[in-house]
Amino acid sequence: MSIEVRLPDDSLRQLAEGATGADLAGGIGARLLDAALAIRVNGRMVDLNTPLVNGTKVEIVTSKAPESLELIRHSTAHLLAHAVKRLYPQARVGIGPVIEDGFFYDFWVDKPFTPEDLPFIEAEMRKIVAEGVEVVREDLGRDAAVARFQAAGEPLKVEIVSSIPQGEIVSGYRQGDFYDLCRGPHVPSTAKLKAFKLLSIAGAYWRGDEKNQMLSRIYGTAFHTQKELDEHLKRLEEAKTRDHRKLGKELGLYSFHPEAPASPFFHPKGTTVYNELVAYMRALYFKYGYSEVITPQILDVDLWKTSGHYENYADNMYFTTAEEREYAVKPMNCPGHCIMFGSQKHSYRELPIRYADFGRLHRFERSGVTHGLTRVRTFCQDDAHIYCTTEQIKTEMADFLALLKEVYDTFGFEGMRVALSTRPEKRLGSDEIWDAAEGALAEALDEAGMPYTLNPGEGAFYGPKIEFQILDALKRPWQLGTLQVDYMMPERFDLTYTRPDGGEGRPIMLHRAILGSLERFMGILVEHTAGAFPAWLAPVQVAILPITDRAHAFAGEAAARAKAQGFRVDLDLRNESLKAKIRDAQLAKVPYMLVIGDREAEAGNVSVRHRHRGDLGVQALDDFLATLAAEVRLRQR
RNA sequence: GCCCACAUAGCUCAGUGGUAGAGCACUUCCUUGGUAAGGAAGAGGUCACCGGUUCGAGACCGGUUGUGGGCUCCA
């Protein structure tokens with residue numbers, strides 16, 4: 001008896017009954033067998049050593065297939081666990097999945113691993129690779145699997161397997177003396193794993209629940225070749241050099257101090273960028289029909305009880321008492337806006353009313369969750385609340401999307417992804433209201449033709465939210481914008497407007513932000529631009545570099561003229577060489593350097609150097625200023 | 001909050017129990033130069049904080065605070 005399988009080029013191949021993918025690959029060529037990692041049967045990836053079935057379509061998966069990277073990472077995770085079990089037999093294994101850019105494996109150990117352990121574990125992994133241990137799939141009945149893990153002293157695995165319905169087959173893989181629960185597929189031998197590196201250690205809760213025990217997690221990554229691995233490690237280094245915490249210090253933008261944990265101090269240069277961002281948003285608010293408001297920082301706790309924050313958000317709030325009256329520092333602007341809206345009578349003719357607020361917010365974030373500028377305890381959102389009717393939600397949504405796209409385009413963010421977060425467990429309001437709110441957002445997204453993913457249970461306590469995610473220059477995702485629909489606050493604050501028929505209507509409230517928070521946005525922007533802000537945002541737009549003292553007079557005049565036109569100028573009169581001045585301006589990422597020597601001073605010219613484009617030659621000062629003015633006005637990147 | 005690591009000059013970092021160091025930055029002097037560091041001198045530290053061990057602690061131990069890598073959480 002023989003079987004026949006179809007290859008991707010539609011050719012048929014005869015094989016003996018019971019032949020595997022490996023036999024198929026070997027029959028085609030020894031080099032293919034060597035490169036083979038798995039096979040794809042009728043589109044589904046399975047182990048290379050899976051027996052072939054007559055009449056199926058079979059494809060040999062080698063390192064050329066994009067999904068093979070996941071395969072070797074998964075197998076490398078098993079390799080890691082195998083090595084750990086050899087070195088630390090008392091370690092009990094958790095789970096070891098593939099993640100973006102690599103994998104991890106969790107271990108339950110008495111003493112957590114330390115970074116010094118990694119080279120030893122890695123060496124043991126290489127030893128297992130050198131041994132070329134065969135990786136074999138071994139399926140077991142559920143009860144047999146439970147018994148096997150119980151005998152092996154693996155309580156975490158027992159817990160997982162026990163949750164699988166009885167009678168089901170549990171797949172697992174054995175490599176030498178190491179057996180692991182796993183769906184597979186895997187590479188046929190540890191010899192196939194050639195380029196991997198263990199990267200870091202971290203604590204992680206079992207099953208991601210902080211009530212469970214803490215496991216010791218080892219992160220690593222794997223690639224097909226050492227060259228690819230090296231390139232990846234180089235990219236990680238590149239990301240490190242762009243770290244906004246490092247660049248912020250180097251460029252003198254902001255700093256952090258123990259006196260105010262997780263709260264940035266914006267230095268003059270950082271404040272310039274910050275204020276330019278606010279000015280930009282203000283200009284757009286004018287264009288899009290928003291009105292800016294200013295509301296108090298500290299408000300009576302009763303307000304927060306009305307808004308529901310006291311009940312649902314108190315853990316994240318700061319409280320203070322004065323004259324025996326209790327207050328809270330605002331973590332959000334919305335309740336203040338509701339007070340303002342409710343303080344006047346409104347006609348349907350006024351709606352939508354759009355209140356924008358750059359108020360400072362304070363949220364108590366648990367120590368350990370803060371991170372540079374991207375997670376702080378005091379920040380300011382490009383926040384606005386739109387009071388409108390149900391019918392107006394769609395046009396408001398469309399206008400908001402237009403505004404959002406305009407902003408992200410200005411900064412060069414691409415690859416926007418959208419997620420809809422629905423009702424969380426801890427929430428206000430009835431299911432009917434949530435149905436309406438979630439429905440409104442979903443419908444608006446559908447109408448805008450925007451594909452989105454669902455984040456069940458991730459909404460805010462007062463309403464569902466749409467979250468907008470972009471990719472930065474290093475293709476890393478960031479959540480920036482948000483749009484939330486809220487039926488709750490208007491209800492709780494009893495907000496009304498007069499309808500055309502003279503009756504009272506209840507407005508809907510939309511919460512929205514585009515940059516998210518100015519703080520986080522600046523951090524992201526620093527990493528996106530590597531600190532080289534576009535000219536319109538740069539803290540110093542022009543550095544004026546006289547070569548000798550003789551040029552100081554004209555350099556001073558040039559600086560004065562540039563300043564008169566509103567440019568941010570740094571006049572470098574230090575007794576340093578031109579080379580040194582250029583170097584310092586380059587390191588400060590100043591967009592334009594104007595070199596002024598005797599020749600330029602005499603003719604009223606400047607020699608223009610751009611931080612990226614280099615020497616741009618000599619031109620009249622006024623011509624340069626006119627060009628720069630256009631670049632800044634258009635907010636060119 | 002939890003697990004682990006780290007904390008020395010403004011910055012980046014050396015310093016394995018016996019007198020506190022380097023480079024850069026800063027100040028002064030010399031140098032007046034043409035597109036990424038000219039030269040010299042000087043000044044600068046309660047080694048995060050509190051306690052312990054020791055004849056002696058920047059170093060060893062415990063605690064606190066802050067920061068970092070993660071987990072949980074999140075703009």
Side-chain angles (χ1 to χ4, degrees), chain A residues 104 106 109 111-117 199-219 240 243 245-246 249-250 252 255-262 313 315-316 331-332 361 363-383 421 424 458 460 465 467-468 478-482 484 511 513-521 523-524 543 545-552 574-588 593-600 607-611 614-618:
Chain A
F104 66 77
D106 286 343
V109 283
K111 202 180 144 295
F113 294 114
T114 67
E116 290 75 52
D117 297 329
L199 297 171
S200 60
I201 307 274
Y205 297 108
W206 169 237
R207 299 198 145 179
D209 188 334
E210 63 181 324
K211 288 183 203 73
N212 287 340
Q213 68 267 42
M214 180 71 73
L215 307 178
S216 188
R217 173 173 295 180
I218 298 178
Y219 283 95
K240 253 189 226 165
D243 189 311
R245 293 164 303 190
K246 180 172 136 65
K249 202 186 306 190
E250 285 172 8
S255 59
F256 291 88
H257 303 277
E259 290 81 357
Y313 208 73
D315 288 351
N316 287 291
M332 298 183 193
L361 308 178
R363 297 185 188 174
F364 175 75
E365 301 289 352
R366 298 199 291 176
S367 60
V369 311
T370 59
H371 178 97
L373 280 181
T374 58
R375 190 81 181 275
V376 291
R377 286 183 177 157
T378 172
F379 60 103
C380 159
Q381 294 179 313
D382 58 323
D383 197 14
S421 296
E458 302 282 315
K465 55 186 182 184
E467 290 172 337
F468 299 90
W478 295 99
Q479 198 235 299
L480 298 179
T482 180
Q484 307 168 12
H511 306 241
I514 294 169
L515 305 180
S517 85
L518 271 304
E519 282 74 8
R520 168 182 285 182
F521 189 79
I524 292 165
L545 314 178
I547 299 173
T548 69
D549 296 357
R550 294 186 301 279
H552 280 195
R574 291 176 306 158
N575 181 9
E576 288 290 350
S577 65
L578 177 63
K579 278 173 188 281
K581 290 181 181 182
I582 286 177
R583 182 182 144 87
D584 289 344
Q586 283 286 152
L587 291 176
M593 287 151 259
L594 302 184
V595 175
I596 298 178
D598 292 334
R599 297 197 292 270
E600 289 81 5
S607 175
V608 183
R609 178 188 164 97
H610 184 266
R611 65 183 167 202
D615 193 345
L616 301 182
V618 175

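Naming convention: chains lettered A, B, ... in sequence-line order (proteins, then strands); numbering from 1 in each chain.
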Exercise for the section: Enumerate the residue pairs fulfilling salt bridge (Lys or Arg N to Asp or Glu O under 4.0 Å) with a member in residues 576-586 of chain A, sequence neighbours excluded, ordered by first and then second residue. Expected result: A/Arg574-A/Asp584
Fill in the blank from the handout: Per atom distances to the A/Asp615 side chain, the nearest of B/rU12, B/rU35, B/rA36 is B/rU35
Handout entry: Span that lies between the P atom of B/rA36 and that of B/rG42, in whole angstrom
Key = 32 Å
Practice task
Name all residues meeting the side chain to side chain contact (heavy atoms under 4.5 Å, CB included) criterion together with A/Ile596; count only those two or more places apart in sequence or in a different chain, and write none if there are none.
Solution key: A/Ile544, A/Ala551, A/Phe554, A/Ala555, A/Ala558, A/Glu600, A/Ala601, A/Val606
Exercise for the section: Find which nucleotide of RNA chain B each of A/Arg609 and A/Lys249 is nearest to by heavy atoms, and output the residue with the more 5' nucleotide. Expected result: A/Lys249
Practice task
In whole angstrom, give the distance that lies between atom CG of A/Asp117 and atom P of B/rC4.
Solution key: 13 Å
Fill in the blank from the handout: The nucleotide from B/rG33, B/rG66, B/rU35 with an atom nearest the side chain of A/Ile582 is B/rU35
Completion exercise
Mate of B/rC55 across any strand shown (Watson-Crick or G-U wobble, both atom pairs under 3.5 Å) is B/rG18
Practice task
Round to a whole Å and report the spacing from NZ of A/Lys579 to C1' of B/rA37.
Solution key: 9 Å
Problem - Atom P, compared across B/rG68 and B/rC55: separation rounded to whole Å - result: 40 Å
Problem - Opposite nucleotide pairing with B/rA41, Watson-Crick or G-U, both atom distances under 3.5 Å - result: B/rU27
Fill in the blank from the handout: For A/Ala588, the side chain to side chain contact (heavy atoms under 4.5 Å, CB included) test, sequence neighbours excluded, returns A/Val590
Exercise for the section: Could you say whether A/Asp549 or A/Ser577 is positioned toward the 5' end of RNA chain B, judged by the nucleotide with the nearest heavy atom to each? Expected result: A/Asp549
Exercise for the section: Assign A/Ala580 to base, sugar-phosphate, or nothing according to its heavy-atom contacts below 4.0 angstrom with the strands shown. Expected result: sugar-phosphate
Please produce a list of atom pairs where a protein N or O lies less than 3.5 Å from an N or O of nucleotides 25-31 of chain B.
| residue | atom | partner | partner atom | Å |
| --- | --- | --- | --- | --- |
| B/rC30 | N4 | A/Asn575 | ND2 | 3.3 |
| B/rU31 | N3 | A/Asn575 | OD1 | 3.2 |
| B/rU31 | N3 | A/Asn575 | ND2 | 3.1 |
| B/rU31 | O4 | A/Asn575 | OD1 | 3.3 |
| B/rU31 | O4 | A/Asn575 | ND2 | 2.0 |

Practice task
Return the value, rounded to whole Å, for the distance between atom CD of A/Gln586 and atom C1' of B/rA37.
Solution key: 13 Å
Practice task
Starting from C1' on B/rU35, measure out to CG on A/Leu594 and report it in whole angstrom.
Solution key: 12 Å
Practice task
Choose from B/rU12, B/rU32, B/rU35 the nucleotide whose nearest atom is closest to any side-chain atom of A/Val595.
Solution key: B/rU35
Handout entry: Base versus backbone protein contacts along nucleotides 67-75 of chain B [heavy-atom cut-off under 4.0 Å; B, S, -]
Key = SSBBBBBBB
Handout entry: B/rU28 to B/rU8 separation - C1' atoms, rounded to the nearest Å
Key = 28 Å
Practice task
Determine the Euclidean distance between corresponding P atoms of B/rC26 and B/rU67; express it in Å to zero decimal places.
Solution key: 29 Å
Problem - Spacing of the P atoms in B/rG58 and B/rC74 (rounded, Å) - result: 45 Å
Practice task
List the steps and the verdict of side chain to side chain contact (heavy atoms under 4.5 Å, CB included) for A/Lys465 and A/His511.
Solution key: CA-CA 9 Å; A/Lys465 55 186 182 184; A/His511 306 241; over 6 Å; no
Practice task
Provide the distance between the two C1' atoms, one in B/rC71 and one in B/rC24, to the nearest whole Å.
Solution key: 38 Å
Handout entry: Rounded interatomic separation in angstrom, taking CE from A/Met593 and P from B/rA37
Key = 13 Å
Handout entry: Residue pairs, two or more places apart or on separate chains, that pass salt bridge (Lys or Arg N to Asp or Glu O under 4.0 Å) and touch residues 363-380 of chain A
Key = A/Glu210-A/Arg366, A/Glu365-A/Arg375
Exercise for the section: May I ask which nucleotide in the shown strands pairs with B/rC71, Watson-Crick or G-U wobble, both distances under 3.5 Å? Expected result: B/rG1
Problem - C1'-based separation of B/rC13 from B/rC47 [nearest Å] - result: 13 Å
Exercise for the section: For nucleotides B/rG18 and B/rU12, find the distance between their C1' atoms and express it as a whole number of Å. Expected result: 28 Å
